[in-house]
Amino acid sequence: MTSVVLEDVRKSFGSLDVIKGVDLTIDAGEFCVFVGPSGCGKSTLLRIISGLEQSTSGRLLIGDRDVTHAEPSQRGIAMVFQSYALYPHLTVAENIGFGLSLARRPKAEIAEKVKQTADILQLSHLLDRKPKALSGGQRQRVAIGRAIIRNPQVFLFDEPLSNLDASLRSQMRLELTELHAKLGATMIYVTHDQVEAMTMADKIVVLNGGKIEQVGSPMTLYNKPATPFVAGFIGSPKMNLFDGELAAKEGCRTYGIRPEHILLSETEGKWRGSVRHIERLGADTIVFLEVPQLPAIIVRTDGDRPISPGQTLFATPLQGKEQRFG
(Lines give C-alpha, C1' and ligand atoms only; values in the text may rest on other atoms or scores of the structure.)
Protein backbone atom coordinates (compact mmCIF):
# COMPACT_ATOMS: atom_id res chain seq x y z
CA MET A 1 0.00 0.00 0.00
CA THR A 2 1.29 3.42 -0.99
CA SER A 3 0.38 7.01 -0.08
CA VAL A 4 -0.04 9.87 -2.54
CA VAL A 5 0.92 13.43 -1.57
CA LEU A 6 0.29 16.62 -3.55
CA GLU A 7 2.11 19.77 -2.46
CA ASP A 8 0.86 23.10 -3.86
CA VAL A 9 0.08 21.51 -7.22
CA ARG A 10 -0.96 23.97 -9.92
CA LYS A 11 -1.89 23.63 -13.57
CA SER A 12 -2.41 26.36 -16.13
CA PHE A 13 -3.27 26.25 -19.81
CA GLY A 14 -1.91 29.57 -21.04
CA SER A 15 -3.62 32.25 -18.95
CA LEU A 16 -6.29 29.83 -17.68
CA ASP A 17 -5.63 28.49 -14.18
CA VAL A 18 -7.28 25.08 -13.90
CA ILE A 19 -5.71 23.75 -10.68
CA LYS A 20 -5.08 26.58 -8.20
CA GLY A 21 -2.78 25.22 -5.54
CA VAL A 22 -3.85 21.80 -4.22
CA ASP A 23 -2.37 20.36 -1.03
CA LEU A 24 -3.61 16.86 -0.30
CA THR A 25 -2.49 13.64 1.36
CA ILE A 26 -4.12 10.34 0.41
CA ASP A 27 -3.12 7.71 2.94
CA ALA A 28 -1.93 4.24 1.93
CA GLY A 29 -4.88 1.91 1.32
CA GLU A 30 -7.52 4.65 1.18
CA PHE A 31 -10.36 4.78 -1.32
CA CYS A 32 -10.32 8.50 -2.14
CA VAL A 33 -12.95 10.07 -4.40
CA PHE A 34 -12.54 13.40 -6.23
CA VAL A 35 -16.01 14.86 -6.76
CA GLY A 36 -17.34 18.10 -8.13
CA PRO A 37 -19.25 19.65 -11.05
CA SER A 38 -18.01 19.65 -14.63
CA GLY A 39 -14.98 21.91 -15.05
CA CYS A 40 -13.94 21.83 -11.39
CA GLY A 41 -10.53 20.27 -12.20
CA LYS A 42 -11.04 16.74 -10.84
CA SER A 43 -10.06 14.90 -14.05
CA THR A 44 -7.11 17.24 -14.63
CA LEU A 45 -5.87 16.51 -11.11
CA LEU A 46 -6.16 12.76 -11.75
CA ARG A 47 -4.24 13.12 -15.03
CA ILE A 48 -1.49 15.00 -13.19
CA ILE A 49 -1.19 12.11 -10.73
CA SER A 50 -1.10 9.63 -13.61
CA GLY A 51 1.54 11.59 -15.52
CA LEU A 52 -0.70 12.18 -18.54
CA GLU A 53 -0.58 15.90 -17.68
CA GLN A 54 2.43 17.75 -16.31
CA SER A 55 1.74 20.15 -13.45
CA THR A 56 2.80 23.77 -13.93
CA SER A 57 4.29 23.84 -10.43
CA GLY A 58 4.24 21.92 -7.15
CA ARG A 59 5.36 18.43 -6.14
CA LEU A 60 3.82 14.97 -6.38
CA LEU A 61 4.99 12.06 -4.24
CA ILE A 62 3.86 8.45 -4.59
CA GLY A 63 5.12 6.56 -1.58
CA ASP A 64 8.50 8.06 -0.71
CA ARG A 65 9.35 8.89 -4.35
CA ASP A 66 9.12 12.32 -5.94
CA VAL A 67 7.47 11.52 -9.29
CA THR A 68 6.62 15.09 -10.31
CA HIS A 69 8.53 14.75 -13.57
CA ALA A 70 8.48 10.94 -13.93
CA GLU A 71 6.97 9.19 -16.94
CA PRO A 72 3.60 7.45 -16.36
CA SER A 73 5.26 4.04 -16.68
CA GLN A 74 7.64 4.92 -13.83
CA ARG A 75 4.97 5.91 -11.30
CA GLY A 76 3.65 2.49 -10.29
CA ILE A 77 0.07 3.40 -11.21
CA ALA A 78 -2.66 1.82 -13.30
CA MET A 79 -5.58 3.77 -14.74
CA VAL A 80 -9.10 2.71 -15.67
CA PHE A 81 -10.87 5.07 -18.06
CA GLN A 82 -14.51 5.87 -18.80
CA SER A 83 -14.10 4.05 -22.12
CA TYR A 84 -13.43 0.32 -21.76
CA ALA A 85 -10.99 0.42 -24.73
CA LEU A 86 -10.93 -3.36 -25.10
CA TYR A 87 -9.45 -5.04 -28.15
CA PRO A 88 -12.50 -6.51 -29.97
CA HIS A 89 -10.53 -9.29 -31.69
CA LEU A 90 -9.01 -10.58 -28.43
CA THR A 91 -10.66 -12.80 -25.82
CA VAL A 92 -11.23 -11.68 -22.24
CA ALA A 93 -8.12 -13.61 -21.17
CA GLU A 94 -6.03 -12.01 -23.91
CA ASN A 95 -7.31 -8.52 -23.07
CA ILE A 96 -6.51 -8.94 -19.38
CA GLY A 97 -3.04 -10.30 -20.08
CA PHE A 98 -2.21 -7.96 -22.96
CA GLY A 99 0.18 -5.77 -20.97
CA LEU A 100 2.13 -8.77 -19.73
CA SER A 101 2.29 -10.12 -23.30
CA LEU A 102 3.77 -6.84 -24.49
CA ALA A 103 6.35 -7.13 -21.72
CA ARG A 104 7.21 -10.64 -23.10
CA ARG A 105 6.50 -12.37 -19.81
CA PRO A 106 6.44 -16.20 -19.89
CA LYS A 107 3.13 -17.67 -21.09
CA ALA A 108 2.75 -19.80 -17.96
CA GLU A 109 3.16 -16.72 -15.75
CA ILE A 110 0.62 -14.75 -17.82
CA ALA A 111 -1.90 -17.60 -17.68
CA GLU A 112 -1.55 -17.90 -13.90
CA LYS A 113 -1.95 -14.15 -13.30
CA VAL A 114 -4.90 -13.95 -15.69
CA LYS A 115 -6.56 -16.79 -13.75
CA GLN A 116 -5.93 -15.07 -10.41
CA THR A 117 -7.28 -11.76 -11.72
CA ALA A 118 -10.33 -13.39 -13.28
CA ASP A 119 -11.12 -15.14 -10.00
CA ILE A 120 -11.03 -11.81 -8.14
CA LEU A 121 -13.38 -10.19 -10.66
CA GLN A 122 -15.67 -13.22 -11.17
CA LEU A 123 -14.71 -13.45 -14.85
CA SER A 124 -13.38 -17.02 -14.90
CA HIS A 125 -16.34 -18.36 -16.88
CA LEU A 126 -15.94 -15.61 -19.52
CA LEU A 127 -12.24 -15.92 -20.36
CA ASP A 128 -12.85 -17.36 -23.84
CA ARG A 129 -15.42 -14.77 -24.89
CA LYS A 130 -14.84 -11.70 -27.06
CA PRO A 131 -15.90 -8.23 -25.77
CA LYS A 132 -18.95 -8.10 -28.07
CA ALA A 133 -20.43 -11.03 -26.10
CA LEU A 134 -20.15 -9.20 -22.76
CA SER A 135 -22.45 -6.81 -20.93
CA GLY A 136 -21.31 -3.29 -20.09
CA GLY A 137 -20.53 -4.25 -16.50
CA GLN A 138 -18.52 -7.28 -17.61
CA ARG A 139 -16.52 -5.16 -20.07
CA GLN A 140 -15.70 -2.70 -17.31
CA ARG A 141 -14.53 -5.56 -15.08
CA VAL A 142 -12.22 -6.70 -17.88
CA ALA A 143 -10.80 -3.17 -18.09
CA ILE A 144 -10.25 -3.23 -14.32
CA GLY A 145 -8.61 -6.64 -14.69
CA ARG A 146 -6.00 -5.18 -17.04
CA ALA A 147 -5.11 -2.76 -14.25
CA ILE A 148 -5.09 -5.36 -11.45
CA ILE A 149 -2.79 -7.77 -13.29
CA ARG A 150 -0.03 -5.17 -13.31
CA ASN A 151 -0.03 -5.12 -9.49
CA PRO A 152 0.23 -1.30 -9.31
CA GLN A 153 0.92 0.74 -6.21
CA VAL A 154 -2.03 3.05 -6.91
CA PHE A 155 -5.24 2.56 -8.93
CA LEU A 156 -6.73 5.56 -10.74
CA PHE A 157 -10.36 5.54 -11.96
CA ASP A 158 -11.68 8.27 -14.28
CA GLU A 159 -15.51 8.11 -14.17
CA PRO A 160 -15.49 4.38 -14.99
CA LEU A 161 -19.22 3.82 -14.44
CA SER A 162 -20.69 6.74 -16.37
CA ASN A 163 -21.43 4.62 -19.47
CA LEU A 164 -23.49 2.09 -17.50
CA ASP A 165 -27.21 2.16 -16.78
CA ALA A 166 -28.49 2.84 -13.26
CA SER A 167 -28.81 -0.79 -12.13
CA LEU A 168 -25.35 -1.71 -13.43
CA ARG A 169 -23.81 1.37 -11.79
CA SER A 170 -25.26 0.26 -8.46
CA GLN A 171 -23.88 -3.26 -8.90
CA MET A 172 -20.45 -2.00 -9.97
CA ARG A 173 -20.25 0.35 -6.98
CA LEU A 174 -20.66 -2.69 -4.76
CA GLU A 175 -18.10 -4.69 -6.73
CA LEU A 176 -15.50 -1.90 -6.68
CA THR A 177 -15.95 -1.46 -2.92
CA GLU A 178 -15.48 -5.20 -2.39
CA LEU A 179 -12.47 -5.17 -4.73
CA HIS A 180 -10.86 -2.44 -2.65
CA ALA A 181 -11.42 -4.49 0.49
CA LYS A 182 -9.83 -7.56 -1.14
CA LEU A 183 -6.79 -5.78 -2.55
CA GLY A 184 -6.24 -3.23 0.21
CA ALA A 185 -4.78 -0.95 -2.46
CA THR A 186 -4.74 2.84 -2.65
CA MET A 187 -7.49 3.91 -5.04
CA ILE A 188 -8.28 7.38 -6.41
CA TYR A 189 -11.63 7.71 -8.14
CA VAL A 190 -13.07 10.65 -10.10
CA THR A 191 -16.81 11.20 -10.48
CA HIS A 192 -19.36 14.01 -10.82
CA ASP A 193 -21.91 11.79 -9.05
CA GLN A 194 -22.10 12.54 -5.33
CA VAL A 195 -23.99 9.25 -4.76
CA GLU A 196 -20.94 7.32 -6.00
CA ALA A 197 -18.74 9.42 -3.74
CA MET A 198 -20.92 8.89 -0.66
CA THR A 199 -21.33 5.14 -1.12
CA MET A 200 -17.75 4.19 -2.03
CA ALA A 201 -15.25 6.56 -0.45
CA ASP A 202 -13.17 6.43 2.70
CA LYS A 203 -12.25 10.05 1.94
CA ILE A 204 -14.02 12.55 -0.32
CA VAL A 205 -12.27 15.55 -1.88
CA VAL A 206 -14.81 18.15 -3.03
CA LEU A 207 -13.38 20.36 -5.78
CA ASN A 208 -14.77 23.65 -7.05
CA GLY A 209 -13.09 25.95 -9.56
CA GLY A 210 -9.71 24.24 -9.30
CA LYS A 211 -9.58 24.44 -5.50
CA ILE A 212 -10.42 22.03 -2.68
CA GLU A 213 -13.59 23.07 -0.85
CA GLN A 214 -13.42 20.32 1.79
CA VAL A 215 -11.83 16.95 2.52
CA GLY A 216 -13.37 14.41 4.85
CA SER A 217 -15.31 11.19 5.30
CA PRO A 218 -18.71 10.95 3.57
CA MET A 219 -20.72 11.51 6.75
CA THR A 220 -18.47 14.37 7.89
CA LEU A 221 -19.17 16.20 4.64
CA TYR A 222 -22.86 15.40 4.91
CA ASN A 223 -23.32 16.40 8.55
CA LYS A 224 -20.71 19.18 8.81
CA PRO A 225 -20.22 20.82 5.41
CA ALA A 226 -17.61 23.57 5.58
CA THR A 227 -19.13 25.80 2.90
CA PRO A 228 -22.51 26.39 1.23
CA PHE A 229 -21.09 24.81 -1.94
CA VAL A 230 -20.35 21.51 -0.16
CA ALA A 231 -23.72 21.66 1.61
CA GLY A 232 -25.53 22.05 -1.69
CA PHE A 233 -23.47 19.51 -3.61
CA ILE A 234 -23.41 16.62 -1.13
CA GLY A 235 -26.81 15.07 -0.49
CA SER A 236 -29.80 14.18 -2.67
CA PRO A 237 -32.08 16.02 -2.69
CA LYS A 238 -29.77 18.91 -1.92
CA MET A 239 -29.77 20.98 1.25
CA ASN A 240 -32.11 23.97 1.39
CA LEU A 241 -29.92 27.09 1.46
CA PHE A 242 -31.19 30.60 2.22
CA ASP A 243 -29.44 33.97 1.99
CA GLY A 244 -30.74 37.46 2.64
CA GLU A 245 -33.22 38.36 5.36
CA LEU A 246 -33.86 34.84 6.64
CA ALA A 247 -30.14 34.14 7.06
CA ALA A 248 -29.60 37.53 8.72
CA LYS A 249 -32.29 36.69 11.28
CA GLU A 250 -30.41 33.45 11.99
CA GLY A 251 -27.17 35.40 12.51
CA CYS A 252 -25.31 34.14 9.45
CA ARG A 253 -24.69 34.81 5.77
CA THR A 254 -26.21 31.52 4.56
CA TYR A 255 -28.67 29.33 6.46
CA GLY A 256 -29.13 25.67 5.55
CA ILE A 257 -31.41 22.80 6.50
CA ARG A 258 -31.59 19.33 4.90
CA PRO A 259 -34.95 18.12 3.50
CA GLU A 260 -35.20 15.25 6.01
CA HIS A 261 -34.75 17.71 8.89
CA ILE A 262 -37.97 19.62 8.15
CA LEU A 263 -41.31 18.66 9.72
CA LEU A 264 -44.55 19.16 7.83
CA SER A 265 -47.88 20.00 9.48
CA GLU A 266 -51.36 20.80 8.23
CA THR A 267 -52.03 23.21 11.12
CA GLU A 268 -48.93 25.10 12.30
CA GLY A 269 -45.23 25.72 11.71
CA LYS A 270 -42.51 28.25 10.97
CA TRP A 271 -43.14 28.63 7.23
CA ARG A 272 -46.55 28.51 5.52
CA GLY A 273 -46.58 27.45 1.89
CA SER A 274 -48.36 25.74 -0.97
CA VAL A 275 -47.33 22.37 -2.39
CA ARG A 276 -45.93 23.00 -5.87
CA HIS A 277 -44.76 19.50 -6.81
CA ILE A 278 -44.52 15.99 -5.35
CA GLU A 279 -42.07 13.19 -6.18
CA ARG A 280 -43.11 9.80 -4.80
CA LEU A 281 -40.09 7.50 -4.53
CA GLY A 282 -41.65 4.61 -2.64
CA ALA A 283 -40.26 4.75 0.88
CA ASP A 284 -39.93 8.56 0.69
CA THR A 285 -41.89 11.42 -0.80
CA ILE A 286 -40.14 14.63 -1.85
CA VAL A 287 -42.29 17.75 -1.47
CA PHE A 288 -41.54 21.11 -3.10
CA LEU A 289 -43.17 23.83 -1.04
CA GLU A 290 -43.67 27.40 -2.34
CA VAL A 291 -43.27 29.89 0.51
CA PRO A 292 -43.75 33.66 0.02
CA GLN A 293 -40.48 35.65 -0.07
CA LEU A 294 -38.39 32.46 0.05
CA PRO A 295 -36.97 30.03 -2.51
CA ALA A 296 -38.89 26.76 -2.88
CA ILE A 297 -38.36 24.55 0.18
CA ILE A 298 -37.60 20.86 -0.42
CA VAL A 299 -38.88 18.43 2.23
CA ARG A 300 -38.39 14.67 2.53
CA THR A 301 -41.30 12.93 4.25
CA ASP A 302 -42.92 9.48 4.54
CA GLY A 303 -43.63 7.73 1.26
CA ASP A 304 -47.29 7.01 1.98
CA ARG A 305 -48.14 10.42 3.46
CA PRO A 306 -51.28 11.83 1.75
CA ILE A 307 -50.22 15.14 0.15
CA SER A 308 -51.69 16.85 -2.92
CA PRO A 309 -50.43 19.63 -5.23
CA GLY A 310 -51.83 22.99 -4.17
CA GLN A 311 -52.32 21.88 -0.56
CA THR A 312 -51.36 24.36 2.17
CA LEU A 313 -48.74 23.02 4.59
CA PHE A 314 -46.53 24.39 7.34
CA ALA A 315 -42.80 23.54 7.49
CA THR A 316 -40.60 23.69 10.60
CA PRO A 317 -36.85 22.94 10.75
CA LEU A 318 -35.68 20.60 13.50
CA GLN A 319 -33.72 22.44 16.15
CA GLY A 320 -30.04 21.52 16.25
CA LYS A 321 -30.05 20.29 12.64
CA GLU A 322 -29.58 23.71 11.01
CA GLN A 323 -26.35 24.71 9.29
CA ARG A 324 -25.07 28.29 9.48
CA PHE A 325 -22.32 29.61 7.20
CA GLY A 326 -20.50 32.94 7.52
Side-chain angles (χ1 to χ4, degrees), residues 17-18 20-22 34-42 191-195 197-198 204-281 284-303 305 307-326:
D17 295 329
V18 178
K20 303 173 183 178
V22 167
F34 295 170
V35 69
S38 297
C40 70
K42 57 188 183 294
T191 182
H192 64 277
D193 186 343
Q194 59 92 23
V195 174
M198 289 292 291
I204 297 176
V205 179
V206 181
L207 290 155
N208 180 29
K211 295 182 178 180
I212 292 177
E213 287 274 336
Q214 189 174 357
V215 179
S217 68
M219 293 312 296
T220 295
L221 269 60
Y222 189 82
N223 291 321
K224 297 180 180 179
T227 66
F229 178 85
V230 176
F233 192 84
I234 298 294
S236 180
K238 67 179 183 179
M239 179 182 285
N240 296 283
L241 296 170
F242 306 98
D243 300 319
E245 184 178 345
L246 188 153
K249 288 181 179 178
E250 297 290 340
C252 57
R253 183 173 297 176
T254 301
Y255 171 84
I257 185 74
R258 292 212 176 271
E260 62 268 31
H261 296 152
I262 299 176
L263 298 178
L264 290 178
S265 170
E266 286 77 16
T267 56
E268 60 180 357
K270 184 172 183 178
W271 300 309
R272 182 178 184 272
S274 174
V275 176
R276 174 184 175 185
H277 178 63
I278 302 168
E279 293 181 350
R280 296 203 177 273
L281 305 177
D284 299 319
T285 291
I286 308 301
V287 179
F288 295 80
L289 196 66
E290 289 282 3
V291 177
Q293 284 79 53
L294 289 179
I297 295 174
I298 304 173
V299 183
R300 186 195 299 270
T301 189
D302 295 338
R305 183 166 183 171
I307 297 175
S308 304
Q311 182 179 351
T312 297
L313 290 175
F314 294 86
T316 303
L318 290 174
Q319 288 191 354
K321 296 295 186 178
E322 308 97 331
Q323 300 284 339
R324 294 174 174 82
F325 305 95

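A donor-acceptor pair under 3.5 Å is absent between the side-chain atoms of Arg258 and the main chain of Gln323, judged by distance alone. Listed for the Glu213 side chain is no donor-acceptor partner under 3.5 Å among the backbone atoms of Pro225. The closest donor-acceptor contact from the side chain of Glu290 to the backbone of Ser274 lies at 3.5 Å or more, if one exists at all. Side chain of Ser308 to main chain of Gln311: no donor-acceptor pair is present (N/O by atom type, distance under 3.5 Å, no hydrogens or angles). A distance-only check finds a donor-acceptor pair linking the side chain of Lys42 to the backbone of Pro37 [under 3.5 Å].
You'll find the side chain of Phe34 stays beyond 4.5 Å of the side chain of Cys40, heavy atoms only. No side-chain heavy atom of Val299 sits less than 4.5 Å from a side-chain heavy atom of Leu313. Side-chain atoms of Leu207 and Ile212, non-hydrogen and from C-beta on, do get closer than 4.5 Å to each other. Inter-residue side-chain proximity for His261 and Arg300 is flagged as unmet; no heavy-atom pair is nearer than 4.5 Å. Between Leu289 and Val275 there is a side-chain heavy-atom pair separated by less than 4.5 Å. Between Gln214 and Phe229, the closest side-chain pair of non-hydrogen atoms is not below 4.5 Å. Inter-residue side-chain proximity for Phe233 and Asn208 is flagged as unmet; no heavy-atom pair is nearer than 4.5 Å.
Salt-bridge check for Arg305 with Glu266: passed, with a basic side-chain N closer than 4.0 Å to an acidic carboxylate O. No salt bridge links Lys270 with Glu322; every basic N to acidic carboxylate O contact stays at or beyond 4.0 Å.
Counting non-hydrogen atoms of neighbouring residues, nucleotides and ligands closer than 6.0 angstrom, the CZ atom of Arg324 exceeds 12 such neighbours. More than 12 non-hydrogen atoms from other residues, nucleotides or ligands lie less than 6.0 angstrom from CZ of Arg280.
Remark: Asp17 CG to Lys211 NZ distance equals 9.5 Å, nearest 0.5 Å. Taken to the nearest 0.5 Å, the CD1 atom of Ile298 stands 9.5 Å off from the CG atom of Leu241. Distance check, rounded to the nearest 0.5 Å: CD1 of Ile262 to CG of Leu318 gives 8.5 Å. Distance check: Ile278 CD1 to Phe288 CZ gives 10.5 Å after rounding to the nearest 0.5 Å.
Not counting sequence neighbours, Tyr222 has no partner by the ring-ring contact (aromatic ring centres under 6.0 Å, His included) test.
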Worked check of side chain to side chain contact (heavy atoms under 4.5 Å, CB included) between Met198 and Ile204: CA-CA 8 Å; Met198 289 292 291; Ile204 297 176; 4.1 Å; yes
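Using a 30° and 60° split on the angle between ring planes, Tyr255 and Trp271 fall in the perpendicular class, above 60°.
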